[in-house]
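Let me begin by presenting the structure, written as structure tokens, before commenting on it.
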Amino acid sequence: MSAQAAGGALLSATGICVDYEGKRAVDGFSLEIQRGGFVGVMGQPGCGKSTAALALLGLVRPPGRITAGRVLWQGRNLLEMDERQLAGIRGSQIGLVTQSPRSSLHPMLTVGAQLVRVYRAHTSASRREAREHALEMLRLVGIQEPARRLDAYVHELSTGMAQRVVIAMALCNQPALLVADEPTSGLDVTIQAQVLDRLWEAAGQLGSAVLLVTQDLGIVANYCDRVVVMDRGGVVEEQTVHGFFQAPRHQYSRRVVGLQTLVSASSPQPDAIRNAAGPEAEDVLVRVRGLRKVFRVPGRTEPLAAVDDIDLAISRGECVGLVGESGSGKTTAGRCILRLEDPDAGEILFAGKALHQMRPVELRAERARMQIVFQDPLDSMNPRWTVEQVIREPLDLATELSTGERRNRILELSRATGLPLDALERRPRELSAGLQQRVAVARAMVTRPDFVVLDEPTSALTPETTAELVGLLRDLRGRYGVAYLLISHDLTTIRDACDRVVVLYLGQVVEEGLTEQIFGAPRHPYTRALIAAHLSADPNSRRVDQTDRTGLLGEIVPVSESLMGCRLSPRCPHAVSRCRAETQSLEAQADGRRVRCWRALEGDLE
Amino acid sequence: MIWRYVIQRLLIAAVQLLALAVLVFFIIRLMPADPVARLVGFNASPEAYAQSQQALGLDRPLLLQFSDFLGLTAGQPGGGLLQGSLGESWESNEPVADELIRSLPVTLELVSLSLLVSLLLAIPIGMYAAARPGGAVDKGAYVWGMFAGSQPDYWWGLLFILVFAFTLGVAPAPLGRHDPLLLPPDPVTGLILVDSVLRGRWDVLVSAFGYLALPVITMVFTVSGAIIKMIRQNTVRALSSDYVMFARACGLPQRTVALYALRTALTPTLTLVAVFFSVLLSAAVTVERVFSLNGVGQYSVRAILNFDYPAIQGAVLAVAFVSLMVYLLVDILHAVLDPRSRSH
Ligand code: SF4
């Protein structure tokens with residue numbers, strides 16, 4: 001690297017230790033960062049990667065303390081400076097982007113006031129100049145209507161927007177190094193791609209080096225040029241990105257890189273139903289027609305349709321994925337199909353029975369045959385119960401089995417879901433997130449249902465445990481012939497687990513097709529944007545190397561129902577005037593797919 | 001927008017006061033007491049008793065009495081609550097409102113001054129304790145809160161009188177609001193400190209400060225421990241927050257970072273001000289007695305002991321009114337300071 005030859009490392013850290021009340025979180029962390037480099041730091045949760053990244057700025061979350069080490073920055077040790085000297089470097093030469101943008105901004109000051117303060121703390125700019133600069137920064141990180149946003153408070157921003165503001169604050173003094181701690185965790189894929197693209201571009205324009213802490217292989221593959229792997233508080237591997245993906249050395253690296261190839265090699269189901277338009281009449285387990293659910297939003301006169309006229313069919317043993325950004329109505333749809341919420345219109349046939357007309361008593365009898373797994377397993381578990389009691393609950397509620405049979409069922413399911421034997425005696429809270437989710441799956445499966453709705457089951461899991469859960473779901477499907485509706489914003493999970501995919505936008509189905517159709521050749525502009533934003537873990541086709549990265553504009557905005565024309569038109573890069581004039585309907589195509597976009601149907605977009 | 005909110009809140013407060021008035025009216029009449037006997041004496045003749053009962057209106061049916069109280073009875077002299085009249089005290093035959101106008105300022109002065117001093121002490125101490133947890137100030141504040149708050153206020157009051165007034169002689173004896181030999185200034189607001197300034201009576205001002213010192217210290221003593229504790233907690237939370245850390249990561253000067261924390265730590269404290277105001281109002285009852293201050297606390301005690309129904313009703317409504325206004329004021333300030341509370 002030429003920069004290295006010219007002036008040595010930009011920052012070099014050696015032997016950093018951080019203690020939390022006697023427990024060592026970071027243990028001898030050492031790292032060099034070169035000018036203009038983009039370094040990814042990976043590792044399991046709890047390996048100390050975030051703590052180490054903060055320590056590079058001499059920061060530590062209370063009650064931790066940095067107990068040893070050196071951070072050389074332009075020949076001086078950061079860790080020996082006093083607060084005043086540090087304040088001169090932080091925010092001006094080294095910027096930080098935090099993990100939780102909404103709580104990182106002051107709740108009682110406007111975004112503009114905070115930006116202005118940060119800029120003026122390091123320059124002699126006047127208030128007016130600083131405000132101009134703030135405006136420019138907001139534009140740089142891709143905030144629409146930046147002038148209006150300057151006067152907004154953080155509670156008026158979406159998480160994605162707050163993250164952009166945080167990035168703008170970190171970059172506003174053109175730091176030579178930007179430390180970003182999982183900057184996109186909790187964002188939708190489309191927004192994640194927008195945010196990372198902007199960060200990548202802005203850093204490139206300003207010549208800043210970036211240290212990016214992440215768990216996401218896709219992010220590493222697409223944006224970083226070096227990878228650092230941490231384990232138990234120290235660096236265990238350091239490589240170029242290509243080297244990392246070709247020949248990962250540490251066992252953690254081998255495991256996560258291996259996961260990718262393993263899952264994608266085995267994805268299609270052997271005897272899956274290969275009909276893009278959904279099952280033939282006789283196979284149908286669940287059929288939904290014209291499902292609709294509206295919510296009244298305070299401050300709006302019209303009610304908002306979270307689910308708007310959805311048709312859906314799922315056959316026995318099939319896994320259908322439901323995808324879309326948050327706010328697309330996918331969770332509401334899943335809950336309505338099980339009648340955990342009452343839809344406002346539409347019919348739901350479950351094994352031929354009209355679920356939508358059932359009274360609560362009849363519904364309870366059906367519960368044994370249809371179950372749900374929630375996003376946060378603990379939310380739905382009584383914290384005082386043991387795991388065994390938790391798993392037994394549906395048996396008690398909806399079946400007439402004898403005590404012995406119940407016990408057998410529980411043992412069978414805990415074996416099938418790979419729970420360790422002693423787990424049954426423990427409380428759910430004592431288990432890891434991965435095991436908790438297995439308990440939730442075991443509970444859902446214990447009545448041997450025909451149909452299970454999985455609502456974002458992997459969102460709290462690491463990439464590793466996610467892959468394991470996907471494997472487990474596939475296993476159970478093979479064994480019990482259960483059908484799934486898998487709701488997720490994680491496209492990797494959907495790609496690996498589903499036979500068919502239904503894409504939702506603002507409560508409407510915009511495209512439906514077989515998994516390989518959707519992922520291989522998406523037609524609808526929204527699907528295209530989703531798939532394009534999906535960061536696959538392949539450093540040879542990096543997103544940042546593609547010349548055309550036009551994605552969607554902005555963020556999901558509820559549109560009023562009376563709006564004529566296509567609901568995506570405010571964000572669609574292909575929108576023309578006809579799109580705004582004509583309401584789009586879902587049309588079937590020759591290969592069985594259904595698409596809601598006239599331009600895609602006419603082949604304009606190929 | 002803020003005006004709409006204020007008017008709405010004032011209307012709610014009016015309804016609350018009216019409901020309270022109804023409640024108080026009936027509750028005191030449920031008490032097993034005989035105000036007539038109390039007034040005429042137990043040995044009075046039945047005629048004198050009946051006459052007195054008639055004069056008080058207690059011979060009339062309860063609902064009629066209630067309509068008198070509200071001012072709904074036609075041709076009623078002086079009107080009732082709805083006309084803004086609280087009636088006349090049975091004990092002194094003076095309008096209750098006039099008596100309250102004299103006693104309420106005494107209490108308000110005591111309570112507000114105590115609250116002000118408590119906050120001026122508690123805010124820096126609480127914040128300092130939060131900045132250095134486990135330090136000497138933190139530990140001292142903890143012990144203080146445990147110790148001072150665990151003793152009853154009158155006990156502190158008596159102790160202070162003994163030590164400062166009688167043993168050391170640095171404070172005046174507990175004989176009211178100012179030196180009894182000084183002529184008080186003509187009332188403007190009723191608050192002696194304010195009035196003496198307005199009338200240029202500096203001698204009264206100095207004396208009043210001296211006389212208020214011990215009662216205020218007594219109140220501060222009992223309540224400041226709890227305030228310190230809450231300010232400390234709020235500050236600890238603010239200091240360990242993400243935005244303080246991010247502000248440091250942005251290289252903002254320490255002073256600015258401290259102000260960031262202060263702002264979020266103090267706003268929830270504001271809500272507590274209203275709560276502590278009420279706490280101090282009830283503490284005033286005993287403290288006024290110990291220091292012979294003729295405040296509304298003393299007034300209520302006397303009214304209750306004398307079964308003086310109009311006075312009891314008036315005092316309860318007056319205190320409730322003050323509390324409601326303090327809550328309203330605090331909520332408005334909160335809305336101004338915290339943008340989050342404005343959006344809903
Ligand atoms: S109809 Fe027009 S606006 Fe809508 S998705 Fe198609 S091209 Fe975009």
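Lettering follows sequence order; numbering is per chain, from 1.
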(request) Give the minimum heavy-atom separation between A:A121 and B:G251, together with the two atoms involved. (result) CB-O, 4.1 Å
(message) If I take atom CZ from residue A:R90 and atom CZ from residue B:R248, how far apart are they, to the nearest 0.5 angstrom?
(response) 5.0 Å
(message) Is A:Q114 in contact with chain B via its backbone, its side chain, both, or neither, using a 4.5 Å heavy-atom distance?
(response) both
(request) Count the heavy atoms of every other residue, nucleotide or ligand shown that sit under 6.0 Å from CZ of A:R70, and state whether that count exceeds 12. (result) no
(request) Over all heavy atoms of both residues, which pair between A:R117 and B:T256 is shortest? Give the atoms and the distance, please. (result) CD-CG2, 3.9 Å
(message) With a 4.5 angstrom heavy-atom cut-off, is it the side chain or the backbone of A:L86 that approaches chain B, or both, or neither?
(response) neither
(request) Run the numbers on B:Y260 and A:M108 for side-chain contact (heavy atoms from CB on, under 4.5 Å), then give the verdict. (result) CA-CA 9 Å; B:Y260 271 31; A:M108 298 182 206; over 6 Å; no
(request) Give a yes or no on whether the backbone of B:C250 and the side-chain of A:H122 come within a donor-acceptor separation of less than 3.5 Å. (result) yes
(request) Flag the pair A:T98 / B:F246 as yes when at least one side-chain heavy-atom distance between them is below 4.5 Å, and no otherwise. (result) yes
(message) When you compare the side chains of B:D242 and A:S104, does any donor N or O come within less than 3.5 Å of an acceptor on the partner?
(response) no
(message) Heavy-atom pairs under 4.5 Å with chain B - which of A:V154, A:I89, A:L54, A:V166 has more of them than the others?
(response) A:V166
(request) Taking atom CZ of B:F321 as the centre, report whether more than 12 heavy atoms of other residues, nucleotides or ligands fall under 6.0 Å from it. (result) no
(request) With a 4.5 angstrom heavy-atom cut-off, could you sort out which part of A:P62 is near chain B: side chain, backbone, both or neither? (result) side chain
(message) Within the structure provided, determine whether A:P107 and B:R340 are in side-chain contact (heavy-atom separation under 4.5 Å).
(response) yes
(request) Examine whether an atom of B:T264 lies under 4.5 Å from a heavy atom of chain A, and if so say whether it belongs to the side chain, the backbone or both; otherwise answer neither. (result) both
(message) For A:L109 and B:R263: C-alpha separation, side-chain torsions, deciding distance, then whether side-chain contact (heavy atoms from CB on, under 4.5 Å) applies.
(response) CA-CA 10 Å; A:L109 296 169; B:R263 178 108 190 238; 3.4 Å; yes
(message) Nearest 0.5 angstrom please: A:R61 CZ to B:S241 OG, how far?
(response) 9.5 Å
